[in-house]
Amino acid sequence: MGATIEEAKSGRASCRTCKKTIAKGELRLGVEVTTQFSDQPSMQWHHLPCAAGKLAGELKDALATFDGDVPDREALDAAIEASIKKGNAKPAGFPYVDRAPTGRAKCMQCEAAIGKDTFRVAVEREIDTGAMVTRGAGYMHPKCVAANLENVGGSVEELIEGVQKNSRITAEDLEGVIAEFLPDA
Ligand SMILES: [Zn+2]
Ligand SMILES: [Zn+2]
């Protein structure tokens, strides 16, 4: 489930980003979240300008399907693009491509470190801690995915579809990364 934009029905909800109240009638972004406290997903609200930071991807998707007028739309779009360029926006799910924030993660395929600030492919995988098996992120160099397709959904086509949907990097950057998936193609 994604994010939606609506007019605040009351002035009681506060913004999860800046903690200030969202005025009645003001547009707000609602993001459905599941927490450890409840089986039911709940909505978390954000002022639109506040959401343009970490939630830039969700806000962009929600704006694309919102029919109403959005105040300061141009400034909002510019802020969204700036966040995506800087790599501040959270991916929508696995698999996705982002820039490695550190040089510590090792590639699941070649086991070499993935350089800080270089693009990496993140997939969800099972991690056996010895005591239990949990699910977590695994990372690969873009050029290593072709040799590790069982971890990326089975086919390069599926992986490309997934990263196009979930990644929050610029379309240009993503195209370059996807080109590396099949170096010999
Ligand atoms: Zn706010
Ligand atoms: Zn590798």
Side-chain angles (χ1 to χ4, degrees), residues 1-4 16-17 29-46 50-62 80 82-183:
M1 271 304 292
T4 49
R16 282 284 174 152
T17 308
L29 179 76
V31 181
E32 205 176 70
V33 291
T34 39
T35 67
Q36 63 197 55
F37 305 111
S38 167
D39 295 334
Q40 296 296 320
S42 61
M43 286 302 239
Q44 291 190 342
W45 303 103
H46 305 262
C50 291
K54 279 196 162 42
L55 294 170
E58 286 80 354
L59 180 58
K60 189 177 181 174
D61 291 348
I80 290 169
S83 289
I84 290 174
K85 268 214 178 78
K86 275 192 283 182
N88 288 346
K90 277 190 312 183
F94 291 107
Y96 63 85
V97 174
D98 71 353
R99 281 181 198 273
T102 71
R104 286 198 299 269
K106 287 200 168 53
C107 174
M108 287 163 68
Q109 177 60 21
C110 72
E111 298 190 351
I114 299 173
K116 184 174 192 295
D117 289 333
T118 63
F119 289 113
R120 61 182 183 180
V121 180
V123 297
E124 190 175 39
R125 62 163 173 176
E126 287 186 349
I127 297 168
D128 192 343
T129 65
M132 59 174 199
V133 178
T134 69
R135 301 192 72 77
Y139 303 103
M140 279 182 280
H141 297 107
K143 63 179 167 45
C144 289
V145 297
N148 204 329
L149 285 176
E150 70 270 23
N151 277 308
V152 300
S155 73
V156 173
E157 289 73 25
E158 270 177 68
L159 176 66
I160 291 172
E161 206 174 291
V163 298
Q164 281 176 334
K165 192 162 59 121
N166 298 328
S167 302
R168 303 305 190 195
I169 61 176
T170 65
E172 208 182 353
D173 284 340
L174 187 57
E175 215 170 285
V177 173
I178 287 173
E180 284 189 65
F181 290 173
L182 285 175

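Here the structure is a predicted model, which means the values were calculated and not measured.
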Exercise. Mind checking salt bridge (Lys or Arg N to Asp or Glu O under 4.0 Å) for R99 and listing every partner two or more places apart, or none if nothing turns up?
Key: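 With neighbours one apart ignored, the set is D173.
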
Measuring from atom [atom1] of [X] to atom [atom2] of [Y], what distance do you get when rounded to the nearest 0.5 angstrom?
X: R16; Y: C50; atom1: CZ; atom2: SG; answer: 13.5 Å
X: I114; Y: R120; atom1: CD1; atom2: CZ; answer: 7.0 Å
X: L29; Y: K60; atom1: CG; atom2: NZ; answer: 14.5 Å
X: I80; Y: L59; atom1: CD1; atom2: CG; answer: 4.0 Å
X: Q44; Y: H46; atom1: CD; atom2: NE2; answer: 5.5 Å
X: M43; Y: E32; atom1: CE; atom2: CD; answer: 6.0 Å

Between [X] and [Y] (side chain of the first, backbone of the second, donor and acceptor by atom type, cut-off under 3.5 Å), is there such a pair?
X: S167; Y: V97; value: yes
X: H141; Y: A113; value: yes
X: T118; Y: G115; value: yes
X: S83; Y: N88; value: no
X: N166; Y: F94; value: yes

Which heavy atom in [X] sits nearest to a heavy atom in [Y], and how many Å separate them?
X: N148; Y: Q109; result: ND2-OE1, 3.0 Å
X: A56; Y: I84; result: CB-CG1, 4.1 Å
X: A3; Y: A62; result: O-CB, 3.7 Å
X: S155; Y: E158; result: OG-N, 3.1 Å
X: R125; Y: A137; result: NE-O, 3.7 Å

Self-check item: Verdict with reasoning, R135 to E126, per salt bridge (Lys or Arg N to Asp or Glu O under 4.0 Å)
Solution: CA-CA 5 Å; R135 301 192 72 77; E126 287 186 349; 3.3 Å; yes

Flag the pair [X] / [Y] as yes when at least one side-chain heavy-atom distance between them is below 4.5 Å, and no otherwise.
X: V163; Y: F181; answer: yes
X: V121; Y: Y139; answer: no
X: F119; Y: D98; answer: no
X: V145; Y: V156; answer: no
X: V33; Y: P41; answer: no

Practice problem: Please assess D61 against K165 for the test salt bridge (Lys or Arg N to Asp or Glu O under 4.0 Å), listing each intermediate value before the final yes or no. | Solution: CA-CA 10 Å; D61 291 348; K165 192 162 59 121; over 6 Å; no

Exercise. Sequence neighbours left out, what passes side chain to side chain donor-acceptor pair (under 3.5 Å) with R104? Give chain and number order.
Key: none

